[in-house]
Amino acid sequence: MLIVYILIFCCNGTIVYLICVHKNLHEPMYILIAALLFNSVIYSTTVYPKLLIDFLSERQNIKYSACIFQLFIFYSLAGTEFLLLAAMAFDRYVSICKPMRYQTIMRKTTVKVFMVLAYCVPACHIGGEAILISEAKLCNSNLNGMFCNNAIFNLHCVKSRALTIFGVVSLLNLAIVPVLFTIFTYTKILVISYQSSKTFRRKAADTCVPHLLVLINFSCLSTYEVIIARVESDFPNTARFIMAFQLLLYQPLFNPFIYGLKMKEISKHLKIMFSQCKI
């Protein structure tokens with residue numbers, strides 16, 4: 001667990017460092033990538049330290065208030081990831097389809113607004129849900145899962161209609177709508193690229209493919225997580241562990257791997273940094 005967490009921290013932190021240090025990477029696309037990778041570090045920090053403590057302890061315990069806080073951070077950051085990916089899609093659309101207006105539209109102020117909204121909107125949605133969860137009456141104290149996720153609802157005596165509504169609204173606003181917007185945006189880019197020259201198509205593919213791979217990976221793992229959290233208790237614990245661990249392992253390591261290899265400017269700076277380390 002500790003090795004995995006250190007690997008996640010180093011991989012994501014290295015690329016964030018490169019983006020911060022090199023001025024030619026101080027562009028909207030790279031700033032959003034840095035935010036996404038920083039989000040992965042916080043995302044992992046929410047879960048891995050507690051998992052490590054549980055692994056070294058004979059009994060796995062967590063206070064209900066701490067469990068709610070973990071759930072709040074976990075799902076808020078998941079929503080942030082979807083919104084950042086949507087912001088990246090918009091950035092690529094403007095860059096590829098409206099290049100003459102790119103500097104006017106994607107100003108530093110615009111990027112700052114995107115980032116503030118990406119963190120604040122999910123926090124408000126999940127915050128309201130966390131308050132309702134804290135007020136619910138408990139009839140069970142055995143959480144069936146690696147960490148505090150939707151499985152916490154199985155501890156409640158009665159299923160709350162308000163919580164269900166909150167959950168549906170959060171799912172729509174933080175996941176479904178951003179994903180649909182992202183798919184629509186990349187579809188428009190694909191249509192315009194298909195009608196353009198081969199060089200233009202190659203350029204569009206070089207910048208859009210990494211974002212699409214990250215979106216597909218995170219969407220699949222998030223769907224996995226929602227489904228497994230709602231599966232009845234007779235589902236094998238080993239299978240639960242493996243499926244839940246994929247969300248915590250793959251995405252935080254997948255992001256820096258994809259952006260480090262597929263984004264030419266980042267890859268170039270990584271090669272320079274590693275060559276200097278060898279010397």
Side-chain angles (χ1 to χ4, degrees), residues 12 15-16 18-40 78-119 121-122 173-222 251 254-272:
N12 288 277
I15 297 179
V16 171
L18 290 175
I19 293 172
C20 291
V21 168
H22 297 285
K23 289 186 177 181
N24 68 320
L25 298 180
H26 292 180
E27 296 179 7
M29 178 177 67
Y30 297 112
I31 293 171
L32 291 170
I33 288 174
L36 191 73
L37 299 182
F38 178 71
N39 196 61
S40 294
T80 296
E81 185 129 351
F82 279 118
L83 292 176
L84 286 174
L85 288 169
M88 287 180 180
F90 179 75
D91 172 77
R92 290 301 82 206
Y93 171 76
V94 177
S95 174
I96 295 169
C97 303
K98 301 181 184 294
M100 301 300 292
R101 298 179 58 192
Y102 183 77
Q103 296 298 330
T104 305
I105 297 174
M106 293 303 296
R107 295 174 295 177
K108 287 184 179 181
T109 306
T110 307
V111 178
K112 288 178 182 177
V113 170
F114 281 160
M115 291 179 66
V116 169
L117 290 175
Y119 280 97
V121 171
N173 292 341
L174 304 180
I176 295 176
V177 171
V179 168
L180 290 177
F181 172 81
T182 305
I183 293 171
F184 173 76
T185 304
Y186 283 123
T187 302
K188 291 202 71 173
I189 294 174
L190 181 65
V191 171
I192 293 172
S193 300
Y194 182 76
Q195 298 170 348
S196 303
S197 64
K198 188 176 181 179
T199 305
F200 185 90
R201 288 198 296 270
R202 187 182 295 112
K203 179 185 175 183
D206 287 342
T207 56
C208 293
V209 167
H211 302 311
L212 276 171
L213 289 174
V214 170
L215 174 69
I216 293 168
N217 183 64
F218 189 64
S219 298
C220 292
L221 291 176
S222 297
Q251 188 66 14
F254 186 77
N255 287 359
F257 176 78
I258 288 296
Y259 289 124
L261 291 180
K262 294 293 185 180
M263 305 302 290
K264 289 183 179 179
E265 288 299 317
I266 295 176
S267 180
K268 182 178 72 176
H269 285 296
L270 278 172
K271 289 176 182 177
I272 293 171

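Here the structure is a predicted model, which means the values were calculated and not measured.
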Gap separating the [atom1] atom of [X] from the [atom2] atom of [Y], nearest 0.5 angstrom:
X: Ile15; Y: Leu270; atom1: CD1; atom2: CG; answer: 5.5 Å
X: Phe114; Y: Leu83; atom1: CZ; atom2: CG; answer: 10.5 Å
X: Cys208; Y: Met88; atom1: SG; atom2: CE; answer: 12.0 Å
X: Tyr259; Y: Leu37; atom1: OH; atom2: CG; answer: 7.5 Å
X: Ile216; Y: Phe254; atom1: CD1; atom2: CZ; answer: 8.5 Å
X: His269; Y: Leu25; atom1: NE2; atom2: CG; answer: 4.5 Å

Should Leu32 and Met115 count as side-chain neighbours, where that means a heavy-atom distance under 4.5 Å? yes
Which heavy atom of [X] sits nearest to which heavy atom of [Y], and what is that distance?
X: Ile31; Y: Ile19; result: N-CG2, 4.5 Å
X: Asn255; Y: Ser40; result: ND2-OG, 3.4 Å
X: Ala89; Y: Ile189; result: O-CD1, 4.4 Å
X: Cys97; Y: Ile192; result: SG-CD1, 3.2 Å
X: Leu85; Y: Val214; result: CD2-CG1, 3.8 Å

Please list, one pair per line, the donor and acceptor atoms closer than 3.5 Å that link side chains of residues 98-108 to other protein atoms, with sequence neighbours excluded.
residue	atom	partner	partner atom	Å
Tyr102	OH	Asp91	OD1	2.6
Arg107	NE	Thr104	O	3.3

Kindly assign one of parallel, tilted or perpendicular to the pair Phe82 and Phe218, based on the angle between their ring planes and the thresholds 30° and 60°.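 Geometry flag for Phe218 against Phe82: tilted rings.
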Contacts under 3.5 angstrom, residues 173-186 side chains, donor-acceptor by atom type, not counting sequence neighbours:
residue	atom	partner	partner atom	Å
Asn173	ND2	His125	NE2	2.9
Thr182	OG1	Pro178	O	2.7
Thr185	OG1	Phe181	O	2.7

By side chain to side chain contact (heavy atoms under 4.5 Å, CB included), Leu117 pairs with (sequence neighbours left out) Val113, Val121
task: State whether the number of non-hydrogen atoms from other residues, nucleotides or ligands found under 6.0 Å of Phe38 atom CZ is greater than 12.
output: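 At most 12 heavy atoms, drawn from other residues, nucleotides or ligands, come within 6.0 Å of this atom.
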